[in-house]
Protein chains: 2
Amino acid sequence: MKSNKEVTIYDIAAELNISAATVSRGLKDHPSINKKTKKRIRETALEMGYRSNTFASNLRSKRTNTIGVIIPRLNSNFMSAVLSGMEKVANEASYNLIISQSLESAQKEALNVQTMFNNRVDGIMVSLAYDTTDTSHFELLLKKGIPLLFFDRVLELPQCTCVMIDNRKAGYEATKHLLEQGCKNIFHITGQLTRTVYAERLSGYKSALQDFGLEYNEANVLITRLDEKAGTDAAEKIMAMSSRPDGVFASNDTSAVSCMSALKRSGLRIPEDVAFVGFNNDPISRVIEPNLSTINYPGFEMGQIAAQKLINHLNTENHINMTDSIILKAELISRASSRRTL
Amino acid sequence: MKSNKEVTIYDIAAELNISAATVSRGLKDHPSINKKTKKRIRETALEMGYRSNTFASNLRSKRTNTIGVIIPRLNSNFMSAVLSGMEKVANEASYNLIISQSLESAQKEALNVQTMFNNRVDGIMVSLAYDTTDTSHFELLLKKGIPLLFFDRVLELPQCTCVMIDNRKAGYEATKHLLEQGCKNIFHITGQLTRTVYAERLSGYKSALQDFGLEYNEANVLITRLDEKAGTDAAEKIMAMSSRPDGVFASNDTSAVSCMSALKRSGLRIPEDVAFVGFNNDPISRVIEPNLSTINYPGFEMGQIAAQKLINHLNTENHINMTDSIILKAELISRASSRRTL
DNA sequence: AGTATAAATACAATCGGTTGCATTATATAT
DNA sequence: ATATATAATGCAACCGATTGTATTTATACT
């Protein structure tokens, strides 16, 4: 009857009449250990039911094989997809993920960074909270040389990689599409412009208007939290406008859908009276009637790429080129909500 | 200029001319340390920028303050809510969460258990994968005395707590509601019946039929993966049936919505021709037209309660009463998809 | 003052891998 | 056979907090 105690490398060493150091090196395939010895070590370890003690290892090697992920909220299909992608890559590289939500609060975001810092994560991936303006809570990471990567809602810091889409282009394409469908007066529902994702989309929106010879009208842009209420607020505003918009480009599907629903309730026809384009390609966009045109946002891919980038960086000695950014494709999906019979 | 090295309790001890043991005890508010000394220790620790080294601590104390969570998929609003609830409670109790997905595969589930086991999590919370039948991968946890808690898709193991809703009752209520709206022939879209959640709902469905004097008809039950395809498959089947159902009770909103959409495309009217009740109260249920009646599933609450239960258990010495189960309320939300003008 | 008792602190072993350096075994060259 | 290079292994310190036990200090009681 074996006792309940854990098997250590010392037990293996004793069993094989070799030193613990050799066992340690053998287990991690160190080049200076004889192949036959390695084999014996591996076999004995297996037999004895050995499992490495992460803490002892971490304590000594000062690495945790853990990556922290801070996201605003775990409530969108997009975020789920991103996390799935990250998890896949991290798992394969035997890294663990610690996920926490900022709940769109800069304060909680700072707290999360602190917690992860204390837990000695090897690196951190962040999508910024809605109201983060002060970014000093990231400084201690950079100071300690803990790699920091931003995705989606990024922050252009000199020492950080960003993984994102070309938001300006996406905003341009969405708006252009509406214009091509004959819209002359396009409303834009967006988020906090301190988040560059939204600022960029707005910029694309403006460019498209310009290219089609239309004046930019500030009254057509509504800054919101991009939740359901944002959509109904927008609808209310739209209904009250003297020259009513004939198109809406929303910076996420949630607000687009809720706005569409509200307008429908007010008796407007989609897309005849108002055409819609959303953002994210959430499942919801294929449920609403008419189906919502939207920008396909490659979440899974983004997660994979972000995690891969960070892990590559962690696994290489030379800590260079962590500074470049990665831009993913994000194309328009045209559905009934924006297609007018021309 | 301070060096980049971390501050340890030895540094604090040296600074204050006391022993490291006293510092260690002082920092965790041990009763046998003088209050004044504690104060000095705390202050010095703060000044010197001390942060505790989790690994050294874990190595010695054999606890990690980490809880593993294994879920089938991170793609539903419900799961997001559960995780949010868990995260909240865990954070407050200064536990970390390691989340991973089984992707509905029993094999990956077993792998995840193994990984978390190796990472020495203090406890594990699991919602079972779709096709898990063999549950031997949980045995090593129980053998090592690592507490295991199931939520939502539970498994009735003698030594485990389960947190769930009364699925039988929910199934009964959903079906009863349809019957009260005049349905005589109710179709049921469900998941793998080895998952008790679905078996229980089916059982409730049967009871309701019986109470209303209707015969149970096996042809009216379709076992699916509860994804979008499940809905369209069900719709196809329904359209092909000789005596067409006039009501559908689906075990999640995703399949309900996709089935509803398909039937609508086939020219059926909801709820006049076919009334619908879903399950989960996903946001999607309030987007589809007509809005989907559904069972409100208190995800956030479930997450909180599950985490609280596990943490309480971890924090108490006497490892008793980890065996009782917790049943949450889940009530029907009646919306247009099932309300017939009577 | 002298002893019993309690409170506060210190000592030192321990947790289990990791790693620089020393040492021994083996292979190759002369 | 001897010298030299190389491969393989061992030694022992180390990472930093924890904790049982011993020791010192403060307090209480005759």
Side-chain angles (χ1 to χ4, degrees), chain A residues 3-42 44-46 48-66 94 117-120 122 144 315 317, chain B residues 3-42 44-45 48-66 94 117-120 122 144 317:
Chain A
S3 104
N4 204 36
K5 285 217 61 170
E6 292 285 340
V7 178
T8 71
I9 53 169
Y10 297 98
D11 300 327
I12 299 177
E15 183 77 20
L16 292 174
N17 260 316
I18 55 177
S19 76
T22 303
V23 175
S24 173
R25 293 198 174 97
L27 286 171
K28 48 182 39 189
D29 214 19
H30 192 282
S32 74
I33 302 294
N34 189 300
K35 283 186 204 85
K36 283 180 199 161
T37 313
K38 277 183 195 164
K39 186 147 175 282
R40 282 167 60 219
I41 292 172
R42 270 199 304 272
T44 316
L46 204 62
M48 300 178 74
Y50 167 80
R51 55 174 182 155
S52 163
N53 185 317
T54 333
F55 314 128
S57 167
N58 288 344
L59 174 58
R60 189 61 226 255
S61 62
K62 308 205 167 197
R63 300 191 69 205
T64 64
N65 279 293
T66 298
S94 52
F117 178 66
N118 285 337
N119 276 287
R120 309 285 209 280
D122 290 341
K144 286 274 180 185
N315 288 342
E317 282 311 307
Chain B
S3 103
N4 205 35
K5 286 216 59 166
E6 291 286 340
V7 179
T8 71
I9 52 170
Y10 297 99
D11 300 327
I12 300 177
E15 183 77 21
L16 293 174
N17 259 316
I18 56 179
S19 77
T22 303
V23 175
S24 173
R25 293 199 171 98
L27 285 172
K28 46 183 38 188
D29 213 19
H30 192 283
S32 74
I33 301 295
N34 191 300
K35 284 186 203 82
K36 281 180 199 159
T37 315
K38 278 183 195 164
K39 185 147 175 283
R40 281 168 60 221
I41 291 171
R42 269 200 305 273
T44 317
M48 299 178 73
Y50 168 79
R51 56 174 182 156
S52 165
N53 184 318
T54 332
F55 314 128
S57 169
N58 289 345
L59 174 59
R60 188 61 226 255
S61 63
K62 309 204 166 198
R63 302 192 69 209
T64 64
N65 280 293
T66 299
S94 50
F117 178 66
N118 285 337
N119 276 287
R120 308 287 209 279
D122 291 341
K144 287 273 180 188
E317 282 310 308

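Since the structure is predicted, the reported quantities are computational estimates derived from the model, not experimental observations. Below, chains carry the letters A, B, ... as their sequence lines are ordered, and counting in each starts from 1.
Put simply, CZ on B:Arg40 and CD1 on B:Ile12 are 12.0 Å apart, with the number rounded to the nearest 0.5 Å. One finds the NZ atom of B:Lys144 at 4.0 Å from the CD atom of A:Glu6 (value rounded to the nearest 0.5 Å). With values rounded to the nearest 0.5 angstrom, A:Lys39 atom NZ is found 10.5 Å from A:Thr44 atom OG1.
Remark: C1' of D:dA7 and NZ of A:Lys35 are 11 Å apart, rounded to the nearest angstrom. When rounded to the nearest whole Å, the span between NE2 of B:His30 and C1' of D:dG20 equals 11 Å. Straight-line distance from the CG atom of B:Leu27 to the P atom of C:dT9: 13 Å, rounded to whole Å. Computed from coordinates, the A:Lys38 NZ to D:dA7 C1' distance equals 12 Å when rounded to whole Å. One atom, CZ of A:Arg40, and another, C1' of D:dT9, lie 12 Å apart when rounded to the nearest Å. In this structure, B:Arg63 atom CZ and C:dC15 atom P are separated by 19 Å, rounded to whole Å. Nucleotide D:dC11 holds its P atom 11 Å from the CD1 atom of A:Ile18, rounded to whole Å.
Within the 4.5 Å cutoff, the side chain of B:Ile41 has heavy atoms near those of the B:Ile18 side chain. Proximity of B:Leu59 to A:Asn53: side-chain heavy atoms (C-beta onward) are separated by under 4.5 Å at one or more points.
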Practice item. Could you run through nucleotides 16-26 of chain C and give me one letter per nucleotide, 5' to 3': B if any protein heavy atom sits under 4.0 Å from the base, S if only the sugar-phosphate is that close, - if neither? Key: BBBBBB-----
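Among the protein residues, A:Asn17 comes within range of the sugar-phosphate backbone only, with heavy atoms under 4.0 Å from sugar or phosphate atoms but none that close to a base.
Using modelled atom types, one side-chain atom of B:Arg51 and one backbone atom of A:Phe117 make a donor-acceptor pair closer than 3.5 Å.
Side-chain nitrogen and oxygen atoms of B:Thr37 include at least one within less than 4.0 Å of the OP1 or OP2 phosphate oxygen of C:dT9.
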